[in-house]
Amino acid sequence: MHELAITRSLLNLTLARAQSAGAVRVSAVHVALGELSGLVPECIDLYWSEMTRGTSAEGSRVQYRAIPAMLICCACGSLTHFDTGQLFGCEHCGSQELKLHSGDEITLEALDAVLEDDPVSERGSDDG
Amino acid sequence: MTVERQISVLTPILDANERLAAQNRRALDLAGILGLNLMGSPGAGKTSVLENTFDRLPADVGVAVIEGDIASQLDADRVAVHGVQAAQINTEGGCHLDASMVQEAITELDLSPIDLLLVENVGNLVCPAGFALGTHHSVLVASVPEGDDKPYKYPGMFQSVEVILLNKIDLLPYVRFDMDRFTNGITRVNPAAEIIPLSCETGEGIEGWISWLVERLSKV
């Protein structure tokens, strides 16, 4: 539902990181998306293609790594998938007290960037 | 010559919002103000909880409110009737408040007489849970007519809060609502959450909420 705000933040973060690395173009961004993040990748893709226009990330793709929602048992420490745990408790010992272990991530993990071959020695001539 | 490389980033996408939220938190801490983020669906009774809170808090507690709505000044007007300072944020379509909106709204308030800042988020059980505002505690206002299945259907929201006010318990005799199913759904994913059943209509249970609040205020 809030994909617009997320995509805007993703673009700001991407452009800042690309610039500081001296990238001339970004070809892909790698995003880890938790199952409980509530975000729809197709919706981010749509905003992404519009918002990257005229930037160094124009034409780039967002690649998603899905992170399953897992609960950790407060009693025995084992992991249960969120759907099962929420309905029946811990799969291993039956405890009803569980905490979220993973699944709420929205993280920019990496960029695929096109860089000048030797950005350090060419820095002066590259800017602008 | 160009070369393609992968650059590691490993940064939460909402990092910028988190940093602004941390600034808000520092500003509140410096002013000695306890900040709460009140979330819940439209119609759960967030503003009614606020109204009941003003009337029951000890008289020496200075309160201000930031109201978040997609449109209108209605909630700020409702709050102002109680003699409480209020700033209204209109998100104009935005489904949640973020830290920058709260930062701007704080500048509209005179913080010197304030001990407690209540931020009423946009009515929504999804998006507000993802955006830190810099408040100290997050509170969910749920309500009986919404149904006992909401913790199962909106886990992100029920996960993200420390206290859940279950409003409209005066309607329990009239609607199908299994209290065990509701509380089990919360315990299994957020065992530390406190559940306070109450009714803004009859006043039943409100004292439990006020005690929770007064205890937190005493620690500021």
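The structure displayed is predicted, hence computed values, not measured ones.
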| said: Please classify the contact of Leu36(A) with chain B as side chain, backbone, both or neither, using a heavy-atom distance under 4.5 Å. | reply: side chain
| query | Is atom CD of Gln73(B) surrounded by more than 12 heavy atoms (other residues, nucleotides or ligands) closer than 6.0 Å? | reply | yes
| request: Run the salt-bridge test on Asp15(B) and Arg19(B) with the 4.0 Å N-O cut-off and return the result as yes or no. | output: yes
| remark: Bottom line for Val29(A): the part with an atom under 4.5 Å from chain B's heavy atoms is neither
| query | Going by residue number, which parts of residues 44-53 of chain A are within reach of chain B, meaning a heavy-atom gap below 4.5 Å? | reply | none
| task | Under 4.5 Å heavy-atom distance to chain B, tell me which part of Cys74(A) shows up: side chain, backbone, both or neither. | result | side chain
| Contact class of Ile106(A) relative to chain B, heavy atoms under 4.5 angstrom | both
| task | Specify which of Gln96(A), Glu97(A), Arg25(A) makes the most heavy-atom pairs with chain B at under 4.5 Å. | result | Gln96(A)
| Which of Leu71(A), Leu87(A), Val26(A) touches chain B most, by non-hydrogen pairs under 4.5 Å | Leu87(A)
| query | Between Asp104(A) and chain B, which part of the residue has a heavy atom less than 4.5 Å away: side chain, backbone, both or neither? | reply | neither
| remark: Exactly one of Leu79(A), Leu98(A), Thr84(A) clears side chain to side chain contact (heavy atoms under 4.5 Å, CB included) with Glu91(A), and that residue is Thr84(A)
| note | Honestly, the part of Phe88(A) sitting under 4.5 Å from a heavy atom of chain B is backbone
| note | Of Gly85(A), Ala113(A), Ser9(A), the largest count of non-hydrogen pairs under 4.5 angstrom with chain B goes to Ala113(A)
| Pairs of heavy atoms under 4.5 Å with chain A: top-ranked of Ala192(B), Ala16(B), Gly156(B), Pro155(B) | Pro155(B)
